[in-house]
Engineer: 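Have a look at the structure that comes next, please.
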Amino acid sequence: MKADRYLLPTLREVPADAELASHQLLLRAGYIRQLAAGVWSYLPLAWRVIRRVEQVIREEMEAIGCLETRLPTLTPKELLTETGRWDVPVVYKLSDRRDAEYALGFTHEEAMCDIVRREVRSWRQLPLLMFQHQTKFRDEPRPRGGTLRTREFIMFDAYSFDRDVAGMDASFDTFAQSYRNIFNRMGLPFVEAEADGGDIGDLDNREFLILTDAGEDTVLRCAEANFAANAEACACPDIAPTDPDVPEEALQTVPTPGARTIEEVAWFLKVAPQKLIKTLVYVADGTPVVVLLCGDREVNEIKLRRFIGAKDLALASEAIVESVTGAPVGFAGVVGLKQNVRMIADYEVRYVRNGVTGANAADAHITGVNPGRDFTPADYADARVAVAGDPCPVAPQYLLTDARGIEVGHIFKLGTKYSEPLKAAYVAENGEQSTILMGSYGIGNSRLLAALIEASHDENGIIWHPSVAPLQVVVIVGNIKDEPALAAAETLHDELERTGISVMLDNRDERIGVKFKDADLIGYPVRVVFGKGFASGTVEIKARRDAKDAAKEVTLNGAVDAVRERLAELSA
RNA sequence: CGGGGCAUGGCGCAGCUUGGUAGCGCGCUACCUUGGGGUGGUAGAGGUCGUGGGUUCGAAUCCCGCUGCCCCGACCA
């Protein structure tokens with residue numbers, strides 16, 4: 001590759017719209033350009049990285065016998081109607097000239113399962129693993145962070161089809177290990193976390209994240225127990241406090257004029273927020289439910305919805321709150337609700353002694369409230385959001401710490417969630433029809449582009465791992481008017497390419513400082529300079545991650561070997 | 001969808017308060033110069049000031065509507 005014939009639109013200044021380091025560097029180093037909100041063009045350098053990423057994944061898929069396919073982007077409405085996913089909010093819809101309707105592919109469980117239901121007959125054909133690399137379309141409410149969250153993005157997605165649960169579990173484990181191999185090969189430090197499967201599937205699932213402050217997700221971790229979970233899915237164990245027993249006080253109604261929020265009531269009554277029993281009214285599939293939490297806690301609607309088994313769950317409207325409690329919003333309480341509705345309390349509420357709760361009447365609260373004596377919830381459940389400082393769910397003697405993370409991969413056991421409605425079945429060994437069990441596995445390739453940079457850059461630019469770098473080596477000619485140097489650099493460029501090492505020859509008529517700056521910005525793992533030492537037969541070799549002045553002189557004859565050694569060392 | 005911000009040559013910005021010839025730096029073109037971390041100089045090219053309307057003799061500037069983009073939140077298969 002010759003720089004004078006390449007598209008290298010590097011920017012000296014930071015584009016105003018970019019906040020994240022990865023976003024700024026992708027723009028400044030000439031990798032991407034924006035076409036619309038959440039819609040990005042990949043310039044030649046970025047496309048090379050994407051293809052490298054795809055290749056690493058492809059090789060790991062071949063290693064586990066996962067077959068590469070390419071499914072359509074257009075998905076007919078009828079197929080998505082079979083699984084009830086035509087009307088999910090992120091779908092881009094379009095119609096043809098005969099008014100037939102289609103979705104732009106946002107994921108491919110249905111399309112992949114459709115092939116299997118048509119072509120797979122017998123247990124002998126299972127398990128079957130297939131994958132593709134493809135552009136997905138999702139009408140994101142808010143794209144952000146360059147290629148971190150976009151409306152059109154490149155994704156690896158794989159699907160497993162198994163005979164039984166044991167097979168599905170084995171496939172899941174196979175992919176989990178494959179993911180570790182993939183990210184390790186890219187030199188990407190990652191964490192595996194228990195996660196919420198969203199609507200895609202609610203069986204076992206696991207996220208692969210890289211930890212960075214730029215991340216959108218909060219990960220809770222326990223180093224001692226080697227535990228990690230996405231905060232939205234992290235379990236909270238039911239643990240009794242070790243506090244000494246406190247005698248129960250009598251109920252007392254106290255005036256709290258205008259104090260509606262937890263903070264206001266806690267301040268007004270001079271009690272700790274965790275003494276307050278927060279009383280929330282939800283509507284689950286049309287039925288009101290009262291949820292109780294300690295005042296310093298937030299409800300985890302994902303856990304709550306799952307516990308109730310509801311399809312829809314949302315905070316009740318003001319009118320419903322008033323009809324359930326008989327009081328304006330802000331004064332709901334556990335004692336003396338107007339309507340008899342199901343009451344679900346978070347585990348912690350069980351251990352509240354002499355708590356405070358709304359009086360179900362305007363401008364009043366009740367003190368001395370004790371569970372068991374004054375109210376009895378239908379259920380105690382894990383209903384709150386876990387936060388840093390909470391006990392670890394697997395080793396409660398340790399406390400969780402938090403960190404931000406970018407989700408780069410997610411794997412799911414799907415069971416029969418899609419194969420059942422789509423009627424994907426096979427004839428088992430015993431001659432009976434049986435439903436196929438599925439798994440699905442995704443990696444956001446274009447998001448990975450940003451994540452790799454978040455995980456590896458400095459103030460001068462990107463630092464690529466050789467496995468994903470757009471080019472392995474940049475050969476810089478200090479001054480192209482030095483014709484022997486230029487000629488020798490061209491020869492080295494050709495030799496390196498012949499040995500299978502991708503290389504950019506920076507033969508532009510620029511000062512050497514410009515070439516150094518661009519090389520650092522673009523992030524080639526290894527740099528070779530034809531400069532001062534060339535007259536005496538040497539060139540300089542330096543890895544991008546080395547210090548500025550760490551270049552080593554090698555003889556021109558030894559340059560190819562030296563580059564190869566350096567790359568091997570960087571790849572380890 | 002709620003809150004905030006921005007829109008002026010390719011990029012970064014000033015000009016707007018107080019209406020009167022559209023400006024700066026970088027980049028780009030040509031030539032000279034320089035040649036180890038974005039060299040210095042000379043001469044150039046390039047802008048319907050996001051868009052529609054209104055006020056005015058006159059609008060980048062004042063008023064109203066719309067659109068686009070960014071950030072926070074909601075949401076996020």
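Residue numbers begin at 1 in each chain, while the letters A, B, ... track the order of the sequences. Just so you know, these numbers use all the heavy atoms, side chains as well, and skip hydrogens, waters and symmetry mates.
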Engineer: In terms of side-chain heavy atoms of A/Asp520, which of B/A77, B/G38, B/G37 is nearest?
Structural biologist: B/G37
Engineer: Hey, can you pull the residues of residues 510-519 of chain A with a non-hydrogen atom under 4.0 angstrom from RNA chain B?
Structural biologist: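 Result for residues 510-519 of chain A: A/Glu510, A/Arg511, A/Ile512, A/Gly513, A/Val514, A/Phe516, A/Lys517, A/Asp518, sorted by number.
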Engineer: Counting Watson-Crick and G-U wobble pairs only, both distances under 3.5 Å, name the nucleotide matched with B/A43, or none.
Structural biologist: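 Checking every strand shown, B/A43 finds its partner in B/U29, with both distances under 3.5 Å.
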Engineer: With a 3.5 angstrom cut-off on both distances, give the Watson-Crick or G-U wobble partner of B/C62, or none if there isn't one.
Structural biologist: B/G54
Engineer: Would you call the rings of A/Tyr92 and A/Phe137 parallel, tilted or perpendicular, taking 30° and 60° as the class edges?
Structural biologist: perpendicular
Engineer: So, A/His23 versus A/Trp40, ring centres under 6.0 angstrom or not?
Structural biologist: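 Judged by ring-centre distance (under 6.0 Å), A/His23 and A/Trp40 do meet the cut-off.
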Engineer: Indicate, yes or no, whether a donor-acceptor pair under 3.5 Å links the base of B/C70 to the side chain of A/Arg144.
Structural biologist: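 It does not, because no donor-acceptor pair links the side chain of A/Arg144 to the base of B/C70 below 3.5 Å.
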Engineer: At a heavy-atom distance below 4.0 Å, what parts of residues 8-23 of chain A sit against RNA chain B?
Structural biologist: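 Going residue by residue through residues 8-23 of chain A, the ones with a heavy atom under 4.0 Å of RNA chain B turn out to be A/Arg12, A/Glu13, A/Val14, A/Pro15, A/Ala16, A/Asp17, A/Glu19.
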Engineer: How many whole angstroms separate atom CZ of A/Arg28 from atom C1' of B/G10?
Structural biologist: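 Rounded to whole Å, this separation is 16 Å.
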Engineer: Which base sits across from B/A74 as a Watson-Crick or G-U pair, both distances under 3.5 Å?
Structural biologist: none
Engineer: Restricting to pairs with a member in residues 522-541 of chain A, which pass side chain to side chain donor-acceptor pair (under 3.5 Å), not counting sequence neighbours?
Structural biologist: A/Thr538-A/Glu553
Engineer: Got a second to check how far A/Asp390's CG is from A/Arg297's CZ, nearest 0.5 Å?
Structural biologist: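 It is 4.0 Å, given to the nearest 0.5 Å.
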Engineer: OP1 or OP2 of B/G68 less than 4.0 angstrom from a side-chain nitrogen or oxygen of A/Gln34, does that happen here?
Structural biologist: no
Engineer: Which whole-number value in Å describes the distance from A/Arg33 CZ to B/C11 P?
Structural biologist: 9 Å
Engineer: What integer distance in Å separates A/Leu7:CG from B/C28:P?
Structural biologist: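 In whole Å, B/C28 P lies 14 Å from A/Leu7 CG.
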Engineer: What side chain to side chain donor-acceptor pair (under 3.5 Å) pairs are there with at least one residue in residues 152-161 of chain A, not counting sequence neighbours?
Structural biologist: A/Gln132-A/Asp157, A/Lys136-A/Asp157, A/Asp157-A/Tyr159, A/Ser160-A/Tyr441
Engineer: Grab the CH2-C1' distance between A/Trp86 and B/A77 for me, whole Å please.
Structural biologist: 16 Å
Engineer: Using whole Å, what does the distance between atom C1' of nucleotide B/U39 and atom NZ of A/Lys481 come to?
Structural biologist: 12 Å
Engineer: Please list, chain by chain and in numerical order, all residues satisfying salt bridge (charged side-chain N to carboxylate O under 4.0 Å, His left out) with A/Arg511, sequence neighbours excluded.
Structural biologist: none
Engineer: Looking at residues at least two apart in the chain, or sitting in another chain, which of them share a ring pair (Phe, Tyr, Trp, His ring centres under 6.0 Å) with A/His410?
Structural biologist: A/Phe412
Engineer: For A/Phe131 and A/His133, I'd like to know if the aromatic rings sit close, meaning centre-to-centre distance below 6.0 Å.
Structural biologist: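 Aromatic pair counts; centres sit under 6.0 Å.
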Engineer: Quickly work out the A/Asn479 CG to B/U39 P distance and round it to whole Å.
Structural biologist: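 Rounded to the whole Å, the gap is 14 Å.
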Engineer: Can you measure A/Arg305 atom CZ to B/A77 atom P for me and round it to whole angstrom units?
Structural biologist: 10 Å
Engineer: Tell me: CD of A/Gln134 to P of B/A77, nearest whole Å?
Structural biologist: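 Going from CD in A/Gln134 over to P in B/A77 covers 19 Å.
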Engineer: With a 3.5 Å limit on both atom pairs, tell me what B/C16 is paired to, counting Watson-Crick and G-U wobble, or say none.
Structural biologist: none
